*Asks:* 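Attaching a single structure in structure tokens format; questions to follow.
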Amino acid sequence: MSRAILVLNGPNLNMLGQREPEIYGRTSLEDIRGLTEARAKTHGLSADFRQSNDEGELVSLIQAARTTAAGVIINAAAYTHTSVAILDALLACELPVIEVHLSNIFKREEFRHHSFVSRAATGVICGFGAQGYELAVDAMAQLLSKAKA
Ligand code: DQA
């Protein structure tokens, strides 16, 4: 079995650190990449960490993960709330999925309370900022070791 996790980031997350820091914090996406890769390593996993502003590219990356990855961690950003295409790709890939958000989406505007991604996710981690990615890697490692047992 692959020991790689696809860690997928949606639109505007390339702006982290500069973008609304009072909501999303001052940690850049590159820093989150570092934290995520290091955490994956502690579990004997590797993280294929990607970001795209393009919905179709996110769908293609999820499709490719079907045969190359053991699981998907996804912060689909604004597409969380709009994209049936990303939901369908996640359902089709037949891998464990964990949804992450930096902010607590339930504390924010009503339109952020609904997530299409959640229908495909084993669990959701939101509101812990950059640390949420580390928590998601820990949870994914547990899911994968349970699946192996
Ligand atoms: C986000 C929350 C989304 O509502 C928003 O559109 C984002 C980031 C988060 O990580 O908190 O871009 O996914």
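Predicted model only: the values in this text are computed from it and were never measured.
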*Asks:* Test Arg39 against Thr42 for side chain to side chain contact (heavy atoms under 4.5 Å, CB included), laying out the working first.
*Replies:* CA-CA 5 Å; Arg39 193 59 154 242; Thr42 66; 4.0 Å; yes

*Asks:* When you look at Glu37 and Arg33, which way does the salt bridge (Lys or Arg N to Asp or Glu O under 4.0 Å) test go after all the steps?
*Replies:* CA-CA 6 Å; Glu37 288 175 349; Arg33 174 201 294 275; 3.8 Å; yes

*Asks:* The test is side chain to side chain donor-acceptor pair (under 3.5 Å); show your working for Tyr133 and Asn9 and say whether it passes.
*Replies:* CA-CA 11 Å; Tyr133 285 73; Asn9 294 281; 2.6 Å; yes

*Asks:* State which residue, out of Leu90, Ile73, Ile62, fulfils the side-chain contact (heavy atoms from CB on, under 4.5 Å) condition with Leu8.
*Replies:*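 Result for side-chain contact (heavy atoms from CB on, under 4.5 Å) with Leu8: Ile62.
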
*Asks:* With a 4.5 Å cut-off on side-chain heavy-atom distances among I, L, V, M, F, W and Y, is there a chain of contacts connecting Phe49 to Ile74?
*Replies:*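 The answer is no; the residues belong to distinct hydrophobic clusters.
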
*Asks:* Within this structure, what is the CD1-CZ distance for the pair Ile105 and Arg108, rounded to the nearest 0.5 Å?
*Replies:*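 Nearest 0.5 Å value for the CD1-CZ distance: 9.0 Å.
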
*Asks:* In this structure, are over 12 heavy atoms from other groups packed under 6.0 Å from Arg26 atom CZ?
*Replies:*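 Not buried by this count: 12 neighbours or fewer within 6.0 Å.
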
*Asks:* For Thr27 and Leu16: C-alpha separation, side-chain torsions, deciding distance, then whether side chain to side chain contact (heavy atoms under 4.5 Å, CB included) applies.
*Replies:* CA-CA 7 Å; Thr27 311; Leu16 284 180; over 6 Å; no

*Asks:* Can you get from Leu135 to Leu6 by hopping between Ile, Leu, Val, Met, Phe, Trp and Tyr side chains that sit under 4.5 Å apart?
*Replies:*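 Cluster IDs for Leu135 and Leu6 differ.
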
*Asks:* Quick one: CG on Leu61 to CG on Asp48, what's the gap to the nearest 0.5 Å?
*Replies:*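 Interatomic distance, Leu61 CG to Asp48 CG, rounded to 0.5 Å: 8.0 Å.
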
*Asks:* Supply the atom-to-atom distance Leu87 CG to Ser115 OG, rounded to the nearest 0.5 angstrom.
*Replies:*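 Interatomic distance, Leu87 CG to Ser115 OG, rounded to 0.5 Å: 8.5 Å.
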
*Asks:* Which heavy atom of Gln51 sits nearest to which heavy atom of Pro11, and what is that distance?
*Replies:*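 The pair with the smallest heavy-atom distance is NE2-CA, 4.1 Å.
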
*Asks:* Looking at Phe116, I'd like to know if its CZ atom is crowded, meaning that more than 12 non-hydrogen atoms belonging to other residues, nucleotides or ligands lie closer than 6.0 Å.
*Replies:*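 Enclosed: over 12 neighbouring heavy atoms sit under 6.0 Å from CZ of Phe116.
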
*Asks:* Please assess Leu144 against His43 for the test side chain to side chain contact (heavy atoms under 4.5 Å, CB included), listing each intermediate value before the final yes or no.
*Replies:* CA-CA 10 Å; Leu144 296 177; His43 295 289; over 6 Å; no

*Asks:* Please name all residues satisfying side-chain contact (heavy atoms from CB on, under 4.5 Å) with His113, sequence neighbours left out, ordered by chain then number.
*Replies:*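 Counting only residues at least two positions away or on another chain, His113 forms a side-chain contact (heavy atoms from CB on, under 4.5 Å) with Phe106, Glu110.
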
*Asks:* When hydrophobic residues are tied together by side-chain contacts of less than 4.5 Å, even through go-betweens, does Leu45 share a cluster with Leu143?
*Replies:*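 Yes, same cluster.
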
*Asks:* Report yes or no: does Asn14 contribute a side-chain atom to a donor-acceptor pair with the main-chain N or O of Ser52 at less than 3.5 Å?
*Replies:*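 Not confirmed, Asn14 side chain does not pair with Ser52 backbone.
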
*Asks:* Would you call the rings of His101 and His81 parallel, tilted or perpendicular if under 30° counts as parallel and over 60° as perpendicular?
*Replies:*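 Rings of His101 and His81: parallel, as their planes differ by under 30°.
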
*Asks:* Compare every heavy atom of Ala77 with every heavy atom of Gly10, then report the nearest pair and how far apart it is.
*Replies:*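 That closest heavy-atom pairing would be C-CB, 4.0 Å.
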
*Asks:* Starting at CG of Leu95, measure out to OG1 of Thr67 and round the result to the nearest 0.5 Å.
*Replies:*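 Between atom CG of Leu95 and atom OG1 of Thr67 there are 9.0 Å.
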
*Asks:* Quick one: CG on Asp88 to CZ on Arg119, what's the gap to the nearest 0.5 Å?
*Replies:*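 The CZ atom of Arg119 is 10.5 Å from CG of Asp88, to the nearest 0.5 Å.
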
*Asks:* Any chance you could measure Ser145, atom OG, to Met140, atom CE, to the nearest 0.5 Å?
*Replies:*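 The CE atom of Met140 is 11.5 Å from OG of Ser145, to the nearest 0.5 Å.
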
*Asks:* Locate the shortest heavy-atom distance separating Ser118 from Val124; write the atom from each residue and the value.
*Replies:*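 Minimum heavy-atom contact is OG-CG2, 3.7 Å.
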
*Asks:* Looking only at heavy atoms, what is the nearest atom pair of Leu102 and Ala130, with distance?
*Replies:*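 In this case the closest contact between Leu102 and Ala130 is CD2-N, 3.5 Å.
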
*Asks:* Considering the options Ile98, Asp138, Asn75, which one meets the side-chain contact (heavy atoms from CB on, under 4.5 Å) requirement together with Ile125?
*Replies:*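 With Ile125 as partner, Ile98, Asp138, Asn75 yield a single side-chain contact (heavy atoms from CB on, under 4.5 Å), made by Ile98.
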
*Asks:* Under 4.5 Å between side-chain heavy atoms, counting indirect links through other Ile/Leu/Val/Met/Phe/Trp/Tyr residues: same cluster for Leu13 and Leu58 or not?
*Replies:*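 No; tracing contacts between hydrophobic side chains, which count when under 4.5 Å, never links both residues.
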
*Asks:* For a quick check under 3.5 Å, do Glu99 and Thr80 share a side-chain donor-acceptor pair by atom type?
*Replies:*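 Looking only at side-chain atoms, Thr80 and Glu99 do not form any donor-acceptor pair under 3.5 Å.
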
*Asks:* Going through the checks in order, is the side chain to side chain contact (heavy atoms under 4.5 Å, CB included) test met by Ile32 and Val7?
*Replies:* CA-CA 11 Å; Ile32 294 177; Val7 184; over 6 Å; no

*Asks:* Which atoms form the tightest heavy-atom contact between Thr68 and Ala4, and what is the distance?
*Replies:*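 That closest heavy-atom pairing would be O-CB, 4.1 Å.
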
*Asks:* Treating Ile, Leu, Val, Met, Phe, Trp and Tyr as nodes and any side-chain heavy-atom pair under 4.5 angstrom as an edge, say whether Tyr24 and Phe128 lie in one connected cluster.
*Replies:*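 Both belong to a single hydrophobic cluster.
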
*Asks:* Please determine whether the number of non-hydrogen atoms from other residues, nucleotides or ligands lying under 6.0 Å from atom CD of Gln142 exceeds 12.
*Replies:*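 Open: at most 12 neighbouring heavy atoms sit under 6.0 Å from CD of Gln142.
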
*Asks:* Heavy atoms only: give me the nearest Asn104-Cys126 pair and the separation to one decimal.
*Replies:*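 Scanning both residues completely, I find the closest heavy atoms to be OD1-SG, 3.8 Å.
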
*Asks:* Mind checking what makes salt bridge (charged side-chain N to carboxylate O under 4.0 Å, His left out) contact with Arg66, not counting sequence neighbours?
*Replies:*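 Residues passing salt bridge (charged side-chain N to carboxylate O under 4.0 Å, His left out) with Arg66: Glu94.
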
